[in-house]
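Worksheet: one structure, shown below.
When reading the values below, keep in mind they use all heavy atoms of this one structure, side chains included, and skip hydrogens, waters and symmetry mates. Everything quoted here is computed from the prediction, not taken from an experiment.
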Amino acid sequence: MQKKIVYKSDNGLQFAFSNTAPYYLEKIDATSIAGVFTTDIIPDRLGQVTTSKTFGGRTIVCELAVVFGNDEIKTFKKQILSELTECFTPLSSGVLEIETDFGTYKINCYPQESLKFDNSEVSYVYRFTVDLICDYPYFKNVKTNKNALTANESTIISSRSRIDNREIIIAIPNFNANFTLTNETTNKEIRLKKFGGGKVILDVLNFKLIAGNGTDVSQFIDITCDIEDFCLKYGANKLTANLEATIEYSDILLGVM
C-alpha cells in the first residue's frame with residue numbers, strides 16, 4: 001500500500017514524507033490508542049465496576065528520514081535540518097495528513113518534543129522520530145459532505161462514520177428567528193437564540209457560534225439544548241430545521257492503516 005504523510009505546522013512550514021527521496025516515511029503508527037475508564041469499588045464485593053469508557057488523546061509515532069545523497073541537496077543540508085527542527089517544534093500545533101490508497105485523512109496535533117537526528121548508521125541519512133500528540137483522537141476525511149436543509153422539512157443525511165460524528169458545521173444564511181435543529185433519529189436538539197439577521201456559522205464540536213462579520217456570539221447558544229450530545233449516527237439521520245441552513249461534515253474514523 002502506498003502511503004504519504006504531510007505535516008503542516010501553524011508557523012507556516014510543512015514537509016511531506018513518502019517512499020521517494022529525499023524525505024522518507026519509514027514507519028508510522030496511526031492506529032494505536034488507549035481507552036480511558038472510570039471505575040468504582042463496591043464495598044464488601046470483590047473486583048470493581050466500570051462506569052464509563054471513552055478515548056483520551058492519542059500519540060502518533062512517525063519514524064522519518066532525510067537523505068542527503070547527492071551534491072545538490074547536500075548544499076541545503078543545514079537549512080533543511082534547521083527547517084525540520086522549526087517545523088516540528090513543540091511550541092507550534094499543526095495538522096497531519098495521511099494519504100492512502102483509500103483516501104486522505106487529517107488530524108490536529110503537535111510534536112511532543114524537539115527533534116533528535118541520528119546519522120550514525122549512514123553519514124548522509126539523518127533519521128528521526130516524531131511523536132505527535134492528538135488531543136482529539138479521531139481522523140477526518142479531507143472530503144467534505146455538504147447538504148442543504150429546507151425550512152420545516154425533514155432531510156435524510158447518511159453518515160458512513162461508525163463513530164458518533166460531532167464534527168459538524170451548521171451555516172444559517174438568514175438568522176432572522178430562533179433556530180432549532182432536531183435529529184429525529186437520536187432525539188437530540190440544537191437551539192440558538194436570535195440576536196439579529198445575517199449569516200451565522202455553528203461549530204458543533206467546539207461549541208462556537210460565529211456571526212457573518214467574524215464575531216464570536218457563542219453566548220446565543222441555548223445552554224439547555226443537547227448540543228454536547230448532538231451527532232450524526234452511522235446510517236440514516238432524519239434532520240429537521242425551522243430555518244433554511246446547510247450542514248457540512250466529513251466522515252471520521254479511529255485509525256488509518
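For the pair F17 and I28, the minimum side-chain heavy-atom distance is 4.5 Å or more. No side-chain heavy atom of N119 sits under 4.5 Å from any side-chain heavy atom of V125. F195 has its side chain within reach of V200: a pair of non-hydrogen atoms, C-beta onward, lies under 4.5 Å apart. Side-chain contact between L132 and T59 is absent, with no heavy-atom pair separated by less than 4.5 Å. The shortest distance between side-chain heavy atoms of L232 and I168 falls below 4.5 Å. Between I227 and L202 there is a side-chain heavy-atom pair separated by less than 4.5 Å. Using a 4.5 Å cut-off on side-chain heavy atoms (C-beta onward), N108 and D135 make no contact. Side-chain atoms of I5 and L64, non-hydrogen and from C-beta on, do get closer than 4.5 Å to each other.
Of the residues T104, I252, I98, the one that meets the side-chain contact (heavy atoms from CB on, under 4.5 Å) test with F139 is I98. Of the listed residues (Y7, F128, F15), just one forms a ring pair (Phe, Tyr, Trp, His ring centres under 6.0 Å) with Y23, and that residue is F15. Tested against C231, the residues D164, L205, I163 include a single side-chain contact (heavy atoms from CB on, under 4.5 Å) partner, D164.
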message = I'd like to know whether L149 forms a side-chain contact (heavy atoms from CB on, under 4.5 Å) with L181, so could you lay out the CA-CA distance, the side-chain angles of the two residues, the decisive distance to 0.1 Å, and finally the verdict.
response = CA-CA 10 Å; L149 303 175; L181 173 64; 3.9 Å; yes
Fill in: side-chain contact (heavy atoms from CB on, under 4.5 Å) between K106 and K8, worked out
CA-CA 10 Å; K106 63 181 180 180; K8 302 176 182 179; over 6 Å; no
Legend entry - Audit row: I157, N145, side-chain contact (heavy atoms from CB on, under 4.5 Å) steps and yes/no: CA-CA 10 Å; I157 304 296; N145 305 299; over 6 Å; no
Inset, instruction - Could you check L84 against F117 for side-chain contact (heavy atoms from CB on, under 4.5 Å), going step by step and ending with a plain yes or no? - result: CA-CA 10 Å; L84 280 168; F117 297 104; 4.2 Å; yes
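Atoms NZ and CG, on K3 and N19 in that order, are 11.5 Å from each other to the nearest 0.5 Å. With rounding to the nearest 0.5 angstrom, the CG atom of L253 is 7.5 Å from the OG atom of S161. In this structure, CG on L209 lies 5.5 Å from CD1 on I221, to the nearest 0.5 angstrom. Once rounded to the nearest 0.5 Å, the distance linking CG of N206 with CD of E167 reads 8.0 Å. Taking CZ of R166 as the reference point, atom OH of Y136 lies at 7.0 Å (rounded to 0.5 Å). Atoms NZ and OG1, from K233 and T185 in turn, are 10.0 Å apart once rounded to the nearest 0.5 Å.
In terms of heavy atoms, T240 sits closest to S154 at OG1-OG, 2.9 Å. Here the closest heavy-atom approach between residue D10 and residue G94 is recorded as OD1-CA, 4.0 Å. Smallest separation of non-hydrogen atoms from K4 and A16: CE-CB, 3.7 Å. The heavy-atom pair separating C225 from D222 by the smallest distance is SG-O, 2.9 Å. Scanning both residues, S93 and Y110, for their nearest heavy atoms gives CA-CB, 3.9 Å. Scanning both residues, E121 and R127, for their nearest heavy atoms gives OE1-NH1, 3.8 Å.
Under the 3.5 Å distance criterion, the side-chain polar atoms of S250 are matched with a main-chain donor or acceptor of N141. Looking only at distances, no side-chain donor or acceptor of R191 sits under 3.5 Å from a matching main-chain atom of D226. Formation of a donor-acceptor pair under 3.5 Å by the R162 side chain with backbone atoms of Y234 is not found in this model. One N or O on the side chain of R58 and one on the backbone of L254 form a donor-acceptor pair closer than 3.5 Å. A distance-only check finds no donor-acceptor pair linking the side chain of T215 to the backbone of V217 [under 3.5 Å]. Judged purely by atom type and a 3.5 angstrom limit, T51 uses its side chain to pair as donor or acceptor with the backbone of T38. Listed for the N178 side chain is a donor-acceptor partner under 3.5 Å among the backbone atoms of K194. Side chain of N183 to main chain of F230: no donor-acceptor pair is present (N/O by atom type, distance under 3.5 Å, no hydrogens or angles). Using modelled atom types, no side-chain atom of N165 and backbone atom of Y249 make a donor-acceptor pair closer than 3.5 Å. Looking only at distances, a side-chain donor or acceptor of T100 sits under 3.5 Å from a matching main-chain atom of G103.
Shown here are the ring-ring contact (aromatic ring centres under 6.0 Å, His included) partners of Y105, two or more places apart in sequence or in another chain: there are none. Partners of L243 under the side-chain contact (heavy atoms from CB on, under 4.5 Å) rule, at least two apart in sequence or in another chain, are I172, F175, N176, A177, F179.
In N187, the CG atom is not crowded: 12 or fewer heavy atoms of neighbouring residues, nucleotides or ligands sit closer than 6.0 Å. Environment of OH in Y124: sparse, with no more than 12 heavy atoms of neighbouring residues, nucleotides or ligands closer than 6.0 Å. Counting non-hydrogen atoms of other residues, nucleotides and ligands closer than 6.0 Å to CD1 of I41 gives a total above 12. F55 CZ: more than 12 foreign heavy atoms inside a 6.0 Å radius. The environment of CD in E244 is sparse: at most 12 heavy-atom neighbours from other residues, nucleotides or ligands sit within 6.0 Å.
A continuous path of hydrophobic side-chain contacts links L25 to F88 [ILVMFWY only; heavy atoms under 4.5 Å]. Under the 4.5 Å side-chain heavy-atom criterion for Ile, Leu, Val, Met, Phe, Trp and Tyr, V6 and I107 are members of distinct hydrophobic clusters. With hydrophobic clusters built from ILVMFWY side chains whose heavy atoms lie under 4.5 angstrom apart, I247 shares a cluster with F207. A continuous path of hydrophobic side-chain contacts links F220 to I190 [ILVMFWY only; heavy atoms under 4.5 Å]. The hydrophobic cluster containing I156 does not contain L239, counting ILVMFWY residues as joined when their side-chain heavy atoms lie under 4.5 angstrom apart, directly or transitively.
With hydrogens and angles left out, the side-chain atoms of E189 and T182 include a donor and acceptor closer than 3.5 Å. For the residue pair T31 / D29, a side-chain donor-acceptor distance below 3.5 Å is found, with atom types taken as modelled.
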